[in-house]
Amino acid sequence: MRGWSEGAWLSPRRLVLLVTGSAALYMVLTLRARGIYWDEHFQSDYGRHVLLWFTSGFTDRSSMEQGNLFLYGGLVEAALELTARVLPFDRYLVRHALVAATALMGLFGVYRLGSELKSEWTGALATVFLAASPRFFGHAFFNSKDLPFAVLYVWVLVLLVRDLRRPLGAPLRGAVPLALVLGMLLGVRVGGAIICAPIFIAYAVRWWSASRSWAHLVRLAARFSVLLTVAWAVMLVAWPWAQTRPIIRPLAALLASGRFPWPHEELYKGRWVSSLELPLDYLPTWFLRTTPEVVLLGLAIFVVSILLRPSRLLALGRPELLGVTLAGVLPLAYVIASRAALYDGPRHVMFLQPLIALAASSAMLTLVGLLREKEVPKGMAGAALLAVVIGVALPIGSMVTLRPLEYVYFNHVSGGLPAAEGRFELDYWGLSYRMGVEWLQENLSRPGGVRLAACSYPGVTEPFVSEPVRFVGTPRFGLDYDPDYLLYTALHDCVEHPPAEAPDGRVVHTIERQGVTVLTVFAVDRIPDSWMEADGTGEGRR
């Protein structure tokens with residue numbers, strides 16, 4: 001790897017340091033404004049119960065009774081909860097800070113991957129693209145499932161590339177770092193095992209293109225076996241349910257991950273669809289609407305270059321490039337072909353965003369190289385550079401106007417947030433409830449206090465409530481008293497199935513972003529009778 005560019009005012013490393021430093025500063029300045037997301041109470045509880053499994057001497061089995069979370073390893077959740085116990089800060093603030101720090105590791109990971117595969121500039125520009133992706137950056141403040149998984153996915157590929165460049169007869173211990181990170185990946189979502197296919201293929205191509213000897217084949221088989229064995233052991237470390245049957249249960253969870261047993265109705269293109277019966281255009285539509293335009297342009301150039309030279313896709317002379325390519329293509333192909341259960345837009349394939357940023361970066365830099373070879377006028381090169389700068393500035397500007405709800409971003413070419421209103425899920429995690437509570441506490445009071453209900457899981461709203469406001473529950477999970485005010489991001493969250501019957505009353509305040517209402521503060525005159533029939537069985541997303 002090359003060092004700092006001699007005499008250059010801006011080198012790849014300086015750019016990466018600038019981007020990650022700016023991202024870190026933004027995170028620090030906005031961290032305390034973050035709300036609690038719908039699943040966070042469930043995830044946090046699961047982490048605590050995983051810790052109980054160990055502190056009880058493996059007798060407390062409560063972690064195996066936490067909804068459907070037992071199907072996931074508790075590696076991240078247990079680590080977050082353990083850290084929150086040690087540090088003298090609010091538990092959720094600690095969780096958010098650690099997830100944000102993990103995201104910064106992801107930015108550096110995509111830089112390392114691009115540097116290993118092509119050049120430092122490829123990795124640096126990919127870092128810029130990823131940091132300027134509001135959906136990825138927004139999840140970096142709270143999502144303790146998809147975000148760590150995406151970061152670990154990148155680092156598995158970084159270590160795979162490095163391992164593939166070792167001699168065929170290299171010591172087996174060289175695969176241990178890769179095995180450890182792969183095990184951590186599986187300890188977040190066992191569905192990450194799909195990356196084992198690209199790893200195996202890359203190893204096989206490495207042998208075929210370099211040796212084809214039986215001795216080296218045996219060595220590679222042993223290497224792959226060590227990789228799987230160590231990774232499997234790491235995966236089990238914080239997964240109590242799987243520890244009781246370490247072979248059968250992880251495999252059962254892996255089979256369940258493709259058709260997740262939670263039929264969820266969500267708003268898509270203005271109509272309600274089931275997560276188990278999604279149209280084929282679901283992921284492409286979300287991707288086209290929520291990926292920054294500059295990244296879409298780079299990816300389009302990348303796809304065209306592949307179509308013009310299909311041999312690049314095989315990359316048999318570079319098994320590491322083949323492995324990374326397949327790590328991006330195979331999971332996406334499987335999700336689409338198997339009609340896997342998805343919801344909440346593209347968040348379940350968030351792990352592909354770093355690879356998309358990398359592909360866009362590679363294509364754009366290749367195009368710049370071609371323009372230089374053709375000796376195009378400097379004005380054209382400058383215009384191209386300006387276009388990239390503007391393309392990066394647009395989503396960054398959106399992040400600023402959306403904060404602290406960066407994850408509800410829709411790109412400008414799709415019409416932005418206004419075009420998505422009423423057609424797609426917006427603040428589906430309920431992060432804006434905190435802002436509604438704070439507005440209510442600052443602006444409304446009455447003798448005896450104010451009774452507040454919310455169309456969310458109680459843990460999303462209740463932690464922020466203090467006098468003179470009193471939290472009385474949620475329609476879906478049960479109300480203790482008739483509320484004076486109701487908070488909702490969408491009325492359908494108040495009942496089990498949409499559409500929801502509207503309460504009687506009036507809107508007194510709205511939380512808006514880019515001219516679109518993301519949360520409503522509603523003065524209640526009467527709650528619908530159907531809302532009082534909640535059985536308290538509502539569950540969060542996974």
Side-chain angles (χ1 to χ4, degrees), residues 30 32-38 40-41 92 138 141-142 267 401-408 417-418 420-496 498-532 534 538 540:
T30 64
R32 288 188 175 274
R34 304 290 160 174
I36 297 172
Y37 75 99
W38 187 288
E40 195 153 10
H41 180 78
Y92 292 109
F141 289 94
F142 63 90
L267 186 65
T401 60
L402 290 172
R403 71 184 191 284
L405 305 175
E406 297 91 347
Y407 85 105
V408 303
L417 203 58
E421 186 178 18
R423 302 190 70 234
F424 297 90
E425 298 279 4
L426 300 182
D427 184 20
Y428 57 80
W429 281 129
L431 299 180
S432 57
Y433 280 98
R434 175 177 184 170
M435 292 184 282
V437 171
E438 291 174 345
W439 182 89
L440 195 64
Q441 291 181 157
E442 292 173 1
N443 293 275
L444 297 175
S445 64
R446 65 176 59 173
V450 172
R451 295 190 299 268
L452 173 66
C455 296
S456 66
Y457 183 74
V460 171
T461 306
E462 189 172 15
F464 305 111
V465 175
S466 61
E467 294 295 337
V469 178
R470 182 160 59 101
F471 187 70
V472 297
T474 75
R476 180 179 292 190
F477 292 86
L479 292 167
D480 297 329
Y481 302 95
D482 287 341
D484 299 313
Y485 293 92
L486 174 71
L487 302 180
Y488 59 84
T489 55
L491 274 175
H492 63 77
D493 280 335
C494 280
V495 294
E496 187 64 26
E501 184 181 354
D504 294 332
R506 69 190 186 283
V507 175
V508 296
H509 183 66
T510 57
I511 303 295
E512 296 185 355
R513 288 296 182 270
Q514 297 181 352
V516 174
T517 297
V518 292
L519 182 129
T520 300
V521 182
F522 192 85
V524 179
D525 292 332
R526 185 188 69 86
I527 289 290
D529 294 338
S530 60
W531 288 22
M532 307 304 293

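Both backbone and side-chain heavy atoms feed into the values below; hydrogens, waters and symmetry mates do not. For reference, positions follow the sequence shown, starting with 1.
From E438, atom CD reaches atom CZ of F464 across 7.5 Å, with rounding to the nearest 0.5 Å. Here the CD atom belonging to E40 is positioned 12.0 Å from the OH atom belonging to Y457, to the nearest 0.5 angstrom. In this structure, CE on M435 lies 9.5 Å from CZ on R34, to the nearest 0.5 angstrom. Atom CH2 of residue W439 and atom OH of residue Y485 lie 7.5 Å apart, to the nearest 0.5 angstrom. Considering CG of L519 and CZ of R513, their distance stands at 10.5 Å, rounded to 0.5 Å. Separation of atoms CG (L431) and CD1 (I511) is listed at 13.0 Å; rounding is to 0.5 Å.
Judged by distance alone, the side chain of Y433 and the main-chain N or O of I36 form no donor-acceptor pair under 3.5 Å. At distances below 3.5 Å, at least one donor-acceptor pair connects side-chain atoms of Q441 with backbone N or O atoms of S466.
Taking both residues in full, the closest heavy atoms of D482 and R451 are given as O-NE, 2.7 Å, listed atom of the first, atom of the second, then distance. The shortest non-hydrogen separation linking P503 to L491 is CD-CD2, 3.9 Å. In plain terms, the two heavy atoms of V465 and T461 that are nearest each other are CG2-O, 3.6 Å. Scanning all heavy atoms of the two residues, the minimum distance from L426 to E421 falls at CD1-CA, 4.4 Å. Closest non-hydrogen pair, A33 versus P404, comes out as O-CG, 3.9 Å.
Using a 4.5 Å cut-off on side-chain heavy atoms (C-beta onward), Y428 and Y407 make contact. I527 places none of its side-chain heavy atoms less than 4.5 Å from the side chain of P475. Annotation: side chain of V472 is in contact with side chain of P483 (closest heavy-atom distance under 4.5 Å). D493 places none of its side-chain heavy atoms less than 4.5 Å from the side chain of S456. Using a 4.5 Å heavy-atom cutoff, the side chains of L487 and L452 are in contact. When side chains are defined from C-beta on, V450 does not count as touching P468, because their heavy atoms never get closer than 4.5 Å.
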- request: Applying side-chain contact (heavy atoms from CB on, under 4.5 Å), run through L417 and V408 and close with a yes or a no.
  value: CA-CA 8 Å; L417 203 58; V408 303; 4.3 Å; yes
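Using the six-membered ring where Trp is involved, Y488 and F522 have ring planes that are tilted, between 30° and 60° apart.
In this model, a donor atom of one side chain and an acceptor atom of the other lie less than 3.5 Å apart for S432 and D427.
Remark: R506 pairs with no residue by the salt bridge (Lys or Arg N to Asp or Glu O under 4.0 Å) rule, at least two apart or across chains. Listed by chain and residue number, nothing satisfies the side chain to side chain donor-acceptor pair (under 3.5 Å) test with T517 (two or more places apart in sequence, or in another chain). Judged as a ring-ring contact (aromatic ring centres under 6.0 Å, His included), and not counting sequence neighbours, the contacts of F141 are F137.
Enclosure of atom CZ in R423 by more than 12 non-hydrogen atoms of other residues, nucleotides or ligands within 6.0 angstrom is indicated.
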